[in-house]
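First comes the structure, then the notes that go with it.
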Amino acid sequence: PRAHHLSERNWAPLQEALDLLRHEIRATRSPLARHTSLTALRDLVFVMAGLLPDSATRGADDQFSVFRNDVETHLVTGQSIEQRAERLGFSARTVDRACRAHTGISAKQFVDQRLVLEARRLLSLPGMTIAAVGHQLGFDEPTNFTKFIRRRTGRTPTMLVAQRDHKSGQSPVGSRP
């Protein structure tokens, strides 16, 4: 049989809901109310089983989908792949294998590429400064953001902003008309 491994954080709300339903089922005398409570208990178990990713019950497609959705929802967390995977109920190795199977790149590369894409998007917006974009993406210092972008794109954020300004006909940052 397949089983879910609940973290302490996920176990508490489930236990509370189960206790409430158990109390309600024992306290009810009406067959209809008892059936309704048992149905709610069954549905709760199914919902929890469906929402909690577990490598024993989910295929690589589901594992990657859960990971990809987490990256989109929580792009800027500062979490390592290991921390992200643990929060999702996977091992880092499982996440990496699923990511490689779907994208051909590691989970770390996937997150980094998504950060670069978001950086490019934000830097293309008028009025966005390099420091503001770096801060919004979780970098403590603009220099760390610059190094991150340069390592992954071969270009600096300043070059990306200059490209934006050139396309829009604005003067480059720091230059005079």
Side-chain angles (χ1 to χ4, degrees), residues 1-22 24-25 36-125 128 132-142 144-155 157 160:
R2 295 177 176 175
H4 283 287
H5 301 283
L6 297 174
S7 69
E8 197 64 38
R9 187 175 54 122
N10 290 333
W11 176 249
L14 177 61
Q15 185 63 49
E16 184 178 13
L18 289 172
D19 288 344
L20 286 171
L21 283 169
R22 188 179 305 120
E24 190 174 322
I25 290 168
T36 302
S37 296
L38 287 170
T39 301
L41 177 60
R42 181 204 63 204
D43 291 348
L44 175 65
V45 169
F46 286 154
V47 166
M48 292 302 291
L51 291 179
L52 294 176
D54 182 26
S55 57
T57 60
R58 295 194 178 269
D61 289 346
D62 287 344
Q63 293 163 348
F64 177 72
S65 294
V66 168
F67 174 69
R68 183 189 65 226
N69 290 339
D70 181 70
V71 170
E72 289 300 320
T73 307
H74 307 288
L75 180 61
V76 182
T77 63
Q79 290 182 324
S80 68
I81 297 302
E82 289 78 13
Q83 291 167 323
R84 243 181 226 278
E86 183 179 333
R87 185 168 44 79
L88 295 171
F90 298 124
S91 72
R93 186 174 176 179
T94 296
V95 167
D96 199 59
R97 276 195 311 256
C99 197
R100 285 180 190 277
H102 285 298
T103 65
I105 59 175
S106 72
K108 171 79 168 105
Q109 289 170 317
F110 182 81
V111 172
D112 286 354
Q113 283 185 8
R114 184 59 186 90
L115 277 170
V116 168
L117 181 64
E118 185 65 9
R120 285 180 182 266
R121 186 188 74 77
L122 292 172
L123 288 169
S124 73
L125 299 174
M128 288 297 287
V133 171
H135 180 73
Q136 191 169 335
L137 293 178
F139 291 88
D140 295 333
E141 297 292 327
N144 293 336
F145 174 62
T146 297
K147 289 175 188 175
F148 174 84
I149 294 297
R150 187 178 332 130
R151 268 189 241 126
R152 282 148 187 92
T153 67
R155 307 182 79 194
L160 297 174

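We number each residue from 1, following the sequence as shown.
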- Hey, mind stepping through D70 and R87 against side-chain contact (heavy atoms from CB on, under 4.5 Å) and telling me if it holds? CA-CA 10 Å; D70 181 70; R87 185 168 44 79; 2.8 Å; yes

Once rounded to the nearest 0.5 Å, what's the spacing between atom [atom1] of [X] and atom [atom2] of [Y]?
X    : Y    : atom1 : atom2 : answer
D96  : E82  : CG    : CD    : 9.0 Å
N69  : D62  : CG    : CG    : 10.5 Å
R151 : T153 : CZ    : OG1   : 11.0 Å
F67  : F110 : CZ    : CZ    : 6.5 Å
Q136 : E118 : CD    : CD    : 7.0 Å
L75  : E72  : CG    : CD    : 7.0 Å

Where do [X] and [Y] come nearest, in terms of heavy atoms and distance?
X    : Y    : result
A85  : V95  : CB-CG2, 3.7 Å
A107 : C99  : CA-SG, 3.7 Å
F145 : G134 : CG-CA, 3.6 Å
Q83  : Q79  : OE1-CA, 3.2 Å

Is any side-chain heavy atom of [X] closer than 4.5 Å to a side-chain heavy atom of [Y]?
X    : Y    : value
H74  : R84  : yes
R152 : L115 : no
D112 : F148 : yes
V116 : R120 : yes
L122 : L137 : yes

- Task: Look at atom CZ of R93 and say whether more than 12 heavy atoms of other residues, nucleotides or ligands are closer to it than 6.0 Å.
- Result: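 For R93, atom CZ is not crowded (no more than 12 foreign heavy atoms under 6.0 Å).
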
